[in-house]
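In what follows, a single structure is set out as structure tokens and then discussed.
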Amino acid sequence: MQLTCIDCDRLWELHQPRIRCACGGLLQIEQQWKRLDADRLKRLFHARLAERMTPYASGVWRYKELIHPELPDEAIVTRYEGNTGLYDAAATARFAGVRRVLLKAQSENPSGSFKDNGMTVAVSHGHALGMNRFACSSTGNTSSSLAMYAAWCGKTSYVFVPEEGVADGKVLQTLAYGGKLVRFPGTYDDGLRFLEAHADEFGLYVCNSVNPLRIEGQKSIVFEIAQQLEWSMPDWIVVPGGALSNAAALGKGLQELQAIGLIETVPRVAIVQAEGASPFHRMVEAGERTLTPEPRLSTRASALNIGSPPSWKKALRTLEHTNGVTVTVTDEQIFAAKQVIDRSGIGCEPASAATVAGLKRLAAERIIDKDETAVCILTGHLLKDAEALAGYAGRTPEALELRMRERMLDRASVDRRL
Ligand SMILES: Cc1ncc(COP(=O)(O)O)c(C=O)c1O
Ligand SMILES: N[C@@H](CCOP(=O)(O)O)C(=O)O
């Protein structure tokens, strides 16, 4: 395994903490697949489904050979992340206007978001390198995930979280795990810029998705989808786009699954951005190949308030490799989709619902055919953003109808309302 610069192809050793190449380009892990046998791997991954209380019981480390084969098992910091449900969601399919929708609930991860798939690998790697101080910039999920894993292996986490526009629950969760919180006026982008400039001075190991180990871990989401579908892929996979780590990991994972021979066909990827934070979509739509950051961000899907997505070049490769598309959705469309997902019994935070809103729009525009099957990745748990719930749950007609106007909980007053 080596690190390669995605801009100039320079190689770097993996045995030192490094985020970017000397030229400023992002790095990615190069794996050597030559000796891997697809059928043997399928049998191995299947057998590991029976593991209990070993690192291989994790839905990430089950695929260790494809993620970080060189890491000693003793260095693995795991909460048995992954192992999340893939649900056939009929009501959501009806809402979106396509034949079949499967919801991949990364919200079922131990800290409640897809970040755990990547964070277990980044923290394990940093731990193996002997790092003691871990850091990230975050809109709340990355910080919760990092604080959880750092606590679990007895290390310290320093998390940089914008003063405004971050769900309170995520900040409280981060603090509860013992994360050292730095609040600052600005955005995720400002926090990340600060860390990239100063992490070395402070001896901090950066666990944002600019760290290529995060991307290696997040590949496991598509590995797990493929295994759950018995190595036969859907027509589409739909992801929300913020920093674009998921889009990057999805593309890399799919490319590797195909190269090894674990899957034959690659699904198309749709990246959905919120209208108020859509620099990547605007670039793609304009047919440009340089991203212009968006300084003013305004979506109530607060996890997506990212104006300068670091992984945009990797996400562009994903689009190219999968014949993918981008689309934007309004906050109204996001919340309409969220209500359907919540009512279906799965639930998610607003950023995740952007997938189903985007799917509906793409189906309406006939970019996605009504007879096609889509997997939507639900990135975060319903309870992550209670403010968003308060925004609509108390105002539904049923809630008004059932409110006890007489303030009497007796048989007769309840009877009149049911
Ligand atoms: C819940 C949730 N969904 C989606 C995203 C966007 O994912 P990505 O940054 O990988 O594009 C984030 C954070 O970035 C998030 O926290
Ligand atoms: N939504 C994310 C922001 C992107 O973080 P990164 O981990 O991809 O760098 C968050 O929860 O912080």
Side-chain angles (χ1 to χ4, degrees), residues 19 26 104-107 109 111-119 121-123 134-149 157 159-162 165-167 169-171 173-174 179 187-193 195-196 206-215 217-219 221 238-252 269 271-274 277-281 297 299 301-312 314-315 318 326 334 338 341 347-356 358 376-385 388:
I19 299 298
L26 276 192
K104 178 66 175 159
Q106 292 314 108
S107 43
N109 262 318
S111 87
S113 86
F114 75 98
K115 306 287 179 178
D116 296 347
N117 290 70
M119 200 59 78
V121 180
V123 170
F134 294 73
C136 70
S137 172
S138 180
T139 58
N141 280 330
T142 299
S143 58
S144 303
S145 182
L146 173 60
M148 181 185 80
Y149 284 102
S157 61
V159 304
F160 290 68
V161 176
V166 175
K170 296 178 183 179
V171 177
Q173 182 185 10
T174 302
T187 62
Y188 159 87
D189 310 296
D190 299 317
L192 186 59
R193 246 191 314 274
L195 280 178
E196 289 206 37
V206 177
C207 287
N208 280 103
S209 56
V210 285
N211 181 333
L213 276 308
R214 276 277 309 277
I215 304 293
Q218 284 174 219
K219 289 184 322 192
I221 299 172
V238 189
V239 280
L244 297 170
S245 70
N246 253 326
L250 188 51
K252 190 168 191 282
V269 169
I271 302 171
V272 187
Q273 293 209 288
S278 53
F280 185 66
H281 170 74
L297 304 163
T299 170
S302 56
L304 301 181
N305 273 323
I306 294 169
S308 184
S311 291
W312 69 266
K314 293 182 178 180
T318 299
T326 64
I334 289 175
K338 176 172 153 53
I341 300 164
C348 65
E349 69 166 279
S352 317
T355 54
V356 171
C376 292
I377 299 184
L378 300 185
T379 44
H381 196 277
L382 174 105
L383 291 174
K384 280 280 193 173
D385 193 340

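Indexing begins at 1, ligand by ligand and atom by atom, following the structure's order.
Atoms of ligand 2 found under 4.0 Å from any heavy atom of Ser138 (numbered from 1 in listed order, with element): 10 (C), 11 (O), 12 (O). Set against the non-hydrogen atoms of Ile306, the atoms of ligand 2 under 4.0 Å away are 3 (C), 4 (C). Below 4.0 Å from some heavy atom of Ala303 lie the following atoms of ligand 2, by number and element: 1 (N). Interface of Asn141 with ligand 2, defined as ligand atoms under 4.0 Å from a residue heavy atom, comprises 10 (C), 11 (O).
When every heavy atom of Ala122 is checked against every heavy atom of Cys207, the shortest pair comes out as CB-SG, 4.2 Å. In terms of heavy-atom proximity, Gly241 sits nearest to Ile271 at CA-CG2, 3.9 Å.
Considering only residues two or more places apart in sequence or on other chains, Lys384 meets the salt bridge (charged side-chain N to carboxylate O under 4.0 Å, His left out) condition with none of them. In this view, Pro279 and Gln273, Arg282, Leu291, Glu294, Pro309 satisfy the side-chain contact (heavy atoms from CB on, under 4.5 Å) rule, not counting sequence neighbours. Under the side-chain hydrogen bond (donor to acceptor under 3.5 Å, both in side chains) criterion, Thr379 pairs with Ser352, not counting sequence neighbours.
Residue contacts with ligand 2, taken as heavy atom pairs separated by less than 4.0 Å, do not involve Leu192 at all. The proximity of Ala243 to ligand 2, defined as any non-hydrogen pair under 4.0 Å, is limited to the side chain.
The structure places SG of Cys348 at 5.5 Å from NZ of Lys338, a figure rounded to the nearest 0.5 Å.
For atom 8 (O) of ligand 2, the closest non-hydrogen atom on the protein side is Ser209 OG, 2.6 Å. Protein heavy atom closest to atom 2 (C) of ligand 2, with residue, atom name and distance, is Lys115 NZ, 3.0 Å. Atom 9 (O) of ligand 2 has Tyr188 OH, 2.6 Å as its closest protein atom, hydrogens excluded (heavy atom only). For atom 1 (N) of ligand 2, the nearest non-hydrogen atom of the protein is Thr139 OG1, 2.8 Å.
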Measure and list all N/O to N/O distances between ligand 1 and the protein that fall under 3.5 angstrom.
from: ligand 1; atom 1: 3 (N); to: Thr379; atom 2: OG1; distance (Å): 2.7
from: ligand 1; atom 1: 9 (O); to: Ala243; atom 2: N; distance (Å): 2.8
from: ligand 1; atom 1: 9 (O); to: Leu244; atom 2: N; distance (Å): 3.4
from: ligand 1; atom 1: 10 (O); to: Ser245; atom 2: N; distance (Å): 3.0
from: ligand 1; atom 1: 10 (O); to: Ser245; atom 2: OG; distance (Å): 2.6
from: ligand 1; atom 1: 10 (O); to: Asn246; atom 2: N; distance (Å): 2.8
from: ligand 1; atom 1: 11 (O); to: Gly242; atom 2: N; distance (Å): 2.6
from: ligand 1; atom 1: 11 (O); to: Ala243; atom 2: N; distance (Å): 3.3
from: ligand 1; atom 1: 11 (O); to: Leu244; atom 2: N; distance (Å): 2.7
from: ligand 1; atom 1: 14 (O); to: Lys115; atom 2: NZ; distance (Å): 3.1
from: ligand 1; atom 1: 16 (O); to: Asn141; atom 2: ND2; distance (Å): 2.8

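No side-chain heavy atom of Lys115 sits under 4.5 Å from any side-chain heavy atom of Ser144. With contacts defined as side-chain heavy-atom distances shorter than 4.5 Å, the pair Ser245/Ile215 qualifies.
Remark: distances from the non-hydrogen atoms of Gly242 to ligand 2 are all 4.0 Å or more. Not a single heavy atom of Lys170 sits less than 4.0 Å from an atom of ligand 2.
Here the rule is side chain to side chain contact (heavy atoms under 4.5 Å, CB included) with Asn208, and of Leu146, Thr142, Ile19 only Thr142 fits it. The residue from Arg214, Gln106, Gln218 that alone fulfils the side-chain hydrogen bond (donor to acceptor under 3.5 Å, both in side chains) condition with Asn117 is Gln106.
Checking side-chain atoms of Asn109 against main-chain N and O of Asp116 turns up no donor-acceptor pair under 3.5 Å. Using modelled atom types, no side-chain atom of Asp385 and backbone atom of Glu349 make a donor-acceptor pair closer than 3.5 Å.
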